Amino acid sequence: MNDLHFHLPSLYDLSREQLAAQLMAWGEPAFRAKQIWRWLYQRNVGSIDEMTDLSKDLRGKLSAAYVLGRLTPVLQQESSDGWTRKWLFRLPDGSEIETVLMEYEGARRTACISSQAGCAMNCSFCATGQMGFLRNLTASEIFEQVLWANRQLRIENEKLKNENSNSQLSTLNAQLTNVVLMGMGEPFANYNHVITAVRRLTEAEDQGGIGLGARKVTVSTVGLVQGIRKFAEEGGQVNLAVSLHAGTDELRNKLVPINTRYPLSELTEATRDYIHITNRRVSFEWALIEGVNDTIDQAHALVNVVRQTYDPRRERRHMLHVNMIPLNPTNGYDGLASQRDRIAKFCAVLDAAGVPNSVRVRRGIDIAAGCGQLKAKVKA
Ligand code: SAH
């Protein structure tokens with residue numbers, strides 16, 4: 001790919017109608033649009049030349065006018081345990097984003113994708129916040145990360161099948177099962193593009209989408225209140241996670257500065273309304289930082305926030321879940337992950353109050369692919 005091509009539009013930016021109009025203008029029959037759409041979204045090809053049932057002439061026209069996608073991989077890293085990998089992509093304007101693929105025992109495979117290059121929210125403990133904001137991603141730049149991860153899985157799967165044609169592996173269908181918008185950026189600060197991307201991910205394959213179940217997709221927000229309110233009206237089954245990290249405004253102002261704009265009282269009210277409107281369970285995210293937000297006082301403050309949002313003593317208790325993760329290290333923040341005994345004491349307070357909670361296992365720390373560690377590397 002040369003630089004010239006970076007300035008061409010991407011096929012993934014086209015709606016189905018736009019693609020059909022383009023093909024009609026070239027004098028192609030109507031069914032071509034469906035054919036190409038299938039290559040783009042269901043077959044998930046790596047190049048226009050792989051669209052083998054199109055004439056060479058049409059492939060040439062497509063390649064002269066469009067690029068297939070906008071993500072150029074510049075680096076792939078794999079964690080030492082082999083379960084997590086991370087890609088650094090360069091975008092046409094030179095900005096860079098990261099995407100993480102996590103595989104689990106069993107069939108679960110989760111892609112953690114970015115919604116912005118950089119982030120303007122400035123959370124002190126997050127590497128993306130520390131690098132600042134570059135720009136919003138387009139909808140296609142968001143869902144292409146999913147297509148990319150799916151394509152890598154499919155290629156590997158085919159390789160395995162060829163190598164072990166008689167083994168059970170040949171029956172495996174290695175595709176992504178889950179997508180979380182927990183990579184770089186604040187999804188609700190790029191609301192419309194994120195919603196468009198999520199629609200395309202969750203639309204059924206026969207509707208032209210990628211066919212991921214909406215319940216398998218999670219959007220994580222720093223707590224932009226208008227975003228939570230709009231999201232409640234979208235009417236889908238997509239999951240919502242809210243990054244809480246502190247149970248008092250005093251502490252949250254420091255860790256998550258946007259709290260000065262949307263304090264806990266407004267955040268809990270919007271989250272409560274969201275749960276009532278959607279009847280969907282929400283999770284509160286909490287990065288456990290030794291001596292900062294893992295104290296017994298903060299645990300009680302968290303119980304308070306939970307009760308203000310959705311009181312487990314009076315309502316169905318499974319509607320709000322606290323998801324903790326020991327802090328991942330980042331260069332710009334010197335806090336440490338909580339030790340096991342402190343986590344146990346913190347959880348005991350939540351348990352005693354009947355607040356459903358779990359502690360997540362950290363992943364991909366050795367390649368800086370963990371939560372809050374994504375930061376496009378500075379160009380050499
Ligand atoms: N902007 C969105 C999504 C990106 S971050 C949000 O704030 O939710 C995804 C999750 O990782 C958030 O809960 C975020 O607070 C958390 N996180 C950020 N830095 C972290 C770190 N150093 N260790 C652990 N979790 C972190």
Side-chain angles (χ1 to χ4, degrees), residues 84 86 97-100 102 110-134 136-137 142 145 178-191 193-194 197-198 217-225 227-228 231 238-246 251-252 254-259 261-262 267 270-271 274 282-290 292-294 302 321-338 343 358-376:
T84 303
K86 179 171 88 165
I97 56 165
E98 294 186 311
T99 302
V100 180
M102 292 162 283
T110 301
C112 177
I113 64 174
S114 297
S115 56
Q116 300 180 309
C119 185
M121 296 299 120
N122 211 14
C123 300
S124 52
F125 53 90
C126 174
T128 311
Q130 291 155 16
M131 75 178 268
F133 176 68
L134 290 171
N136 281 331
L137 300 189
I142 297 169
Q145 299 169 62
N178 297 71
V179 170
V180 294
L181 278 102
M182 294 188 181
M184 295 166 74
E186 164 51 37
F188 287 168
N190 185 15
Y191 189 88
H193 290 163
V194 163
V198 166
V217 178
T218 300
V219 176
S220 178
T221 180
V222 71
L224 300 189
V225 162
I228 295 172
F231 198 57
V238 175
N239 301 303
L240 178 67
V242 176
S243 296
L244 195 64
H245 305 304
L251 180 59
R252 197 163 188 270
K254 287 187 203 144
L255 296 177
V256 182
I258 198 71
N259 191 71
R261 215 138 110 234
Y262 305 108
L267 179 58
T271 308
Y274 175 91
V282 169
S283 49
F284 276 155
E285 309 290 306
W286 194 282
L288 287 156
I289 311 168
E290 174 109 0
V292 174
N293 67 355
D294 69 348
L302 168 56
H321 187 95
V322 176
N323 216 332
M324 288 161 284
I325 181 164
L327 182 81
N328 290 320
T330 59
N331 277 337
Y333 183 71
D334 54 17
L336 297 172
S338 304
I343 297 178
S358 52
V359 181
R360 262 190 292 163
V361 183
R362 301 196 290 174
R363 302 275 311 230
I365 305 308
D366 55 340
I367 55 166
C371 300
Q373 293 185 306
L374 300 189
K375 175 176 79 172

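Each ligand, and each atom within it, is numbered from 1 in the order the structure gives. Worth knowing before you read on, the calculation uses all heavy atoms, side chains too, and leaves out hydrogens, waters and symmetry mates. Everything quoted here is computed from the prediction, not taken from an experiment. Note that the numbering runs from 1 along the sequence shown for the chain.
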Checklist line | Those residues that, when tested against Arg362, pass side chain to side chain contact (heavy atoms under 4.5 Å, CB included) (two or more places apart) | finding: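 Per chain and number, Arg362 pairs via side chain to side chain contact (heavy atoms under 4.5 Å, CB included) with Ile325, Pro326, Asn328, Pro329, Ala337, Ile365.
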Notebook entry, point to check: side chain to side chain contact (heavy atoms under 4.5 Å, CB included) with Thr330: which residues, sequence neighbours excluded?
Noted result: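 So Thr330 forms a side chain to side chain contact (heavy atoms under 4.5 Å, CB included) with Ala127, Gln130, Tyr333, Gln373.
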Does [X] use its side chain to pair, donor to acceptor, with the backbone of [Y] at less than 3.5 Å?
| X | Y | result |
| --- | --- | --- |
| Gln145 | Ser114 | yes |
| His245 | Ala287 | yes |
| Glu186 | Val222 | yes |
| Gln116 | Met184 | no |

Atoms of ligand 1, numbered as shown, that sit under 4.0 Å from any heavy atom of [X]:
| X | answer |
| --- | --- |
| Leu327 | 21 (C), 22 (N), 23 (N) |
| Ala287 | 24 (C), 25 (N) |
| Cys126 | 18 (C), 19 (N) |

Notebook entry, point to check: If every non-hydrogen atom of Leu244 is compared with every non-hydrogen atom of Arg252, which pair is closest and at what distance?
Noted result: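 For Leu244 versus Arg252, the nearest heavy atoms are O-NE, 2.8 Å.
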Check: Looking only at heavy atoms, what is the nearest atom pair of Asp294 and Ser338, with distance?
Finding: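 That would be OD2-OG, 2.9 Å.
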Is it the side chain (CB and beyond), the backbone, both or neither of [X] that lies under 4.0 Å from ligand 1, heavy atoms counted?
| X | result |
| --- | --- |
| Thr221 | backbone |
| Ser220 | both |
| Glu285 | side chain |

Considering only protein heavy atoms, which is closest to [atom], and at what distance to one decimal place?
| atom | value |
| --- | --- |
| atom 23 (N) of ligand 1 | Asn328 N, 2.9 Å |
| atom 11 (O) of ligand 1 | Cys371 CB, 3.4 Å |
| atom 19 (N) of ligand 1 | Gly372 CA, 3.0 Å |

Checklist line | Heavy-atom nearest neighbour of atom 14 (C) of ligand 1 within options Met182, Gln130, Met121, His245 | finding: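 The residue whose heavy atom sits nearest atom 14 (C) of ligand 1 is His245.
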Next item on the list: From atom 8 (O) of ligand 1, work out which of Ser243, Gly185, Gly183, Ser124 has a heavy atom at the shortest distance.
Entry: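 Among Ser243, Gly185, Gly183, Ser124, the closest heavy atom to atom 8 (O) of ligand 1 comes from Ser243.
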